[in-house]
There are 2 protein chains.
Amino acid sequence: MAVTLADVAARAGVSAATVSRVLSGNYPVAGATRSRVLRAVEELEYVVNGPASSLAAATSDLVGVLVNDIADPFFGIIASAVQSEMEPEKGGGKLAVVCNTGGSPERELTYLTLLQRQRAAAVVLTGSAVEDPAHTEALATRLRRLAAAGTRVVLCGRPPLPEADGDGGRDGQRGAADGGAPLTVAFDNRGGARRLTGHLLALGHRRIGYVAGPAERTTTRHRLEGHRAALADHDRALLAEAERLTVHGAYDRSSGYDGTLELLRREPGLTAVLAANDTVALGVCAALREAGLSIPGDVSVAGFDDLPFSADASPALTTVRIPLHGAGARAGRLALGRDSAPPGGVATVRTELMVRASTAAPRSG
Amino acid sequence: MAVTLADVAARAGVSAATVSRVLSGNYPVAGATRSRVLRAVEELEYVVNGPASSLAAATSDLVGVLVNDIADPFFGIIASAVQSEMEPEKGGGKLAVVCNTGGSPERELTYLTLLQRQRAAAVVLTGSAVEDPAHTEALATRLRRLAAAGTRVVLCGRPPLPEADGDGGRDGQRGAADGGAPLTVAFDNRGGARRLTGHLLALGHRRIGYVAGPAERTTTRHRLEGHRAALADHDRALLAEAERLTVHGAYDRSSGYDGTLELLRREPGLTAVLAANDTVALGVCAALREAGLSIPGDVSVAGFDDLPFSADASPALTTVRIPLHGAGARAGRLALGRDSAPPGGVATVRTELMVRASTAAPRSG
DNA sequence: CATAGGATAGAAAGCGCTTTCTAAAGCGAG
DNA sequence: CTCGCTTTAGAAAGCGCTTTCTATCCTATG
């Protein structure tokens with residue numbers, strides 16, 4: 001039905017092998033022959049059959065990008081950056097495939113199977129991971145197997161895989177023999193949270209609420225650890241209160257709203273609220289305003305991520321900026337093997353405290 | 001290297017054909033045989049070779065989703081909805097591939113080639129199209145060719161393809177013979193804009209600025225047409241001013257900011273500003289506030305799309321809601337052939353005026 | 001008890017491409 | 001003018017799967 005290589009070959013008066021060589025370009029073909037083939041391709045509107053090509057060559061130009069929520073700009077920005085590294089102009093010429101896992105470990109596995117089936121050239125997993133030991137192990141096993149089969153695996157914004165144990169590591173230098181072990185681009189969530197809480201403490205806040213993300217996510221834990229480390233640094237007594245002033249929710253606006261209501265119930269004297277991320281912070285602000293509290297006059301609010309809308313919120317949000325675009329681009333290059341692997345396989349991306357209008361010294365003391 | 005069908009067959013003590021039948025499930029296999037095969041698959045950790053499978057079956061389970069900007073929630077929501085229809089549970093079991101065109105016609109064509117190469121099962125094109133005749137024709141040709149080759153083509157949020165002319169239409173009833181002509185899920189941008197401007201006029205606004213999107217985009221033109229139709233309906237004299245009170249920009253915040261500054265320069269007596277979309281509206285608000293104007297006290301502001309953050313902006317944004325999720329889901333089902341084609345191949349999605357705090361009657365008159 | 005007919009499984013022919021192996025020219029050097 | 005090397009192109013063998021066509025084994029029926 002469709003035009004095939006053989007049709008082009010016949011039209012150009014050459015063999016199929018020659019056409020293939022002209023198109024892949026990794027073999028010398030005389031100029032005259034080449035242009036004759038190219039013209040035939042043109043005239044017949046020939047389009048390579050990808051599956052056939054992938055089968056014969058045992059490689060494909062698909063790169064999978066797994067995201068937790070494609071409608072969330074956080075992931076959109078990362079995915080966009082990864083994809084921009086795959087541009088044909090940049091020497092990639094890969095097809096970046098964004099897969100929406102919805103944060104579900106099962107779907108993550110499902111998509112990985114689908115990608116493995118397609119013999120994807122690389123896979124980039126973004127966003128926090130679920131800390132369920134069973135899932136962690138299943139995921140790690142599959143990722144190592146993918147890597148061993150020649151698919152490049154890059155984790156972006158999640159912690160590196162645990163060390164392989166059990167039957168793995170048959171050769172001394174792990175990851176050197178096969179396709180290479182999974183690589184990681186990690187965010188310094190802990191450090192960022194620590195600086196953020198440090199900033200609030202320096203302003204004089206002592207009763208700081210925390211509307212955290214889902215309890216089982218790595219990112220949630222890391223940010224919480226940073227927060228508590230800062231509290232402990234300042235005054236170990238604050239740590240005792242921290243537990244009571246922390247509520248968990250999802251990474252969305254309504255969690256911020258509901259969480260804030262709960263926090264106010266627990267501690268009406270709150271002078272600051274930290275949000276799991278900027279989207280949650282929006283909900284926090286809405287709840288505070290509805291409670292008749294001004295920001296930052298009565299309560300300071302801070303978020304995490306520094307998404308595009310954060311500087312535009314009113315008041316502009318104090319937040320911890322994660323260079324998402326840079327991180328995504330880095331992950332993309334690692335996935336393409338265009339950047340050399342970072343030492344230890346882990347590149348940590350710095351986060352930066354952005355102090356804006358939503359945080360100020362608490363009224364009086 | 002990898003485990004193949006033959007390995008599984010050998011292990012299960014059956015032929016390759018049987019294994020294939022067990023896995024595809026569209027042929028009766030005796031229960032005992034089936035479970036023996038399944039066990040072998042399990043034990044060998046067999047994963048189908050997608051390219052080989054696609055080649056032999058002459059189909060693939062890839063569905064391409066082209067978006068203008070993956071970091072923009074507008075597209076994120078649509079893509080997410082399309083993808084949710086592809087869930088294995090929903091009987092789809094397709095791999096939705098989100099491709100970021102950056103709004104560039106060339107990249108659009110590039111990705112379509114890539115998808116055609118992969119023999120994609122369907123392609124969904126989202127977002128406004130560029131109104132360059134040369135590109136429109138090139139795109140239409142390629143899409144019709146894709147459709148003819150059996151790939152389902154769905155346009156979402158852009159106008160239907162122009163009627164095929166020239167050498168096309170060899171058979172009387174177009175689109176019936178082959179895979180089917182491209183389908184469209186269109187947004188009623190014109191009607192939405194018309195109602196929005198109507199709302200402002202009803203409030204008493206007469207000097208209404210418009211920070212429009214890129215001039216060459218269909219969406220921009222449609223919204224502008226709706227706007228002007230409303231003005232003309234009310235008082236033809238307003239139409240004369242409309243040109244002067246319209247500026248063009250991109251679909252981003254800074255365009256809203258810059259555009260508003262320009263509009264204020266042209267007409268300091270502005271009482272309302274319409275934005276190309278909600279993101280642009282954020283920039284409009286920022287510029288107005290910096291100019292010392294209150295919203296909606298001095299100037300009313302309205303947007304388009306009703307993205308998640310729009311209700312949270314302060315003041316909450318009056319806007320035209322487009323049911324993006326529903327539209328994306330519809331497009332997804334059409335792409336899967338799960339919904340029957342709408343009459344004329346075009347399903348138009350209603351838009352809804354959401355009146356919120358950012359618009360009010362102008363001060364005095 | 002013989003035989004038609006259904007159920008189940010195997011053999012084998014591709015799907016369209018890449019790539020190794022091989023052959024035919026074309027060239028300068030002895 | 002011949003020999004051996006390089007350049008260029010063809011033949012053909014798969015890549016791993018699906019699917020048609022056949023063969024076999026039962027079971028039901030006359």
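To find a chain, count down the sequence lines: A is the first, B the second, and so on, and within it residues start at 1. Side-chain atoms are counted along with the backbone in the values below, which use heavy atoms only and exclude waters and symmetry mates.
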For the pair made of [atom1] in [X] and [atom2] in [N], what is the distance, rounded to whole Å?
| X | N | atom1 | atom2 | value |
| --- | --- | --- | --- | --- |
| Q118(B) | dC17(C) | CD | P | 13 Å |
| R34(A) | dA9(D) | CZ | C1' | 14 Å |
| D7(B) | dG16(D) | CG | P | 9 Å |

- Query: Which of residues 40-58 of chain A have a heavy atom under 4.0 Å from DNA chain D?
  - Reply: L55(A), A56(A)
- Query: For residues 17-31 of chain A, which residues have at least one heavy atom under 4.0 Å from DNA chain D?
  - Reply: A17(A), T18(A), R21(A), Y27(A), P28(A), V29(A), A30(A)
Return all side-chain donor-acceptor pairs below 3.5 angstrom for residues 14-25 of chain B, not counting sequence neighbours, or 'none' if the list is empty.
from: S15(B); atom 1: OG; to: A17(B); atom 2: N; distance (Å): 3.4
from: S15(B); atom 1: OG; to: T18(B); atom 2: N; distance (Å): 3.3
from: S15(B); atom 1: OG; to: T18(B); atom 2: OG1; distance (Å): 3.2
from: S24(B); atom 1: OG; to: S20(B); atom 2: O; distance (Å): 3.2
from: S24(B); atom 1: OG; to: N26(B); atom 2: OD1; distance (Å): 2.8

Please enumerate all residues that pass salt bridge (charged side-chain N to carboxylate O under 4.0 Å, His left out) together with [X], with sequence neighbours excluded.
| X | result |
| --- | --- |
| D132(A) | none |
| R142(A) | none |
| R34(A) | none |

- Between Q118(B) and L115(B), is any pair of side-chain heavy atoms under 4.5 Å apart? no
- Note on the structure: On DNA chain C, more 5' by nearest nucleotide between R119(B) and V14(B) is V14(B)
Excluding sequence neighbours, so at least two apart, what forms side-chain contact (heavy atoms from CB on, under 4.5 Å) with [X]?
| X | answer |
| --- | --- |
| R11(A) | A40(A), E43(A), L44(A) |
| L114(B) | L95(A), Y111(B), R117(B) |
| A347(A) | R330(A), P342(A) |
| A341(B) | L183(B) |

- Query: Is the backbone of I70(B) close enough, under 3.5 Å, to the side chain of N100(B) for a donor and an acceptor to pair up by distance?
  - Reply: yes
- Message: Under the salt bridge (Lys or Arg N to Asp or Glu O under 4.0 Å) definition, can you give me all pairs with a residue in residues 44-65 of chain A, not counting sequence neighbours?
- Response: E45(A)-R145(B)
- Query: Axis-to-axis angle across the helix from dC1(C)-dG30(D) to dG30(C)-dC1(D), five pairs an end, to 10 degrees?
  - Reply: 50°
- Just to confirm, is there a sub-4.0 Å distance from OP1 or OP2 of dT8(D) to any side-chain nitrogen or oxygen of T33(A)? no
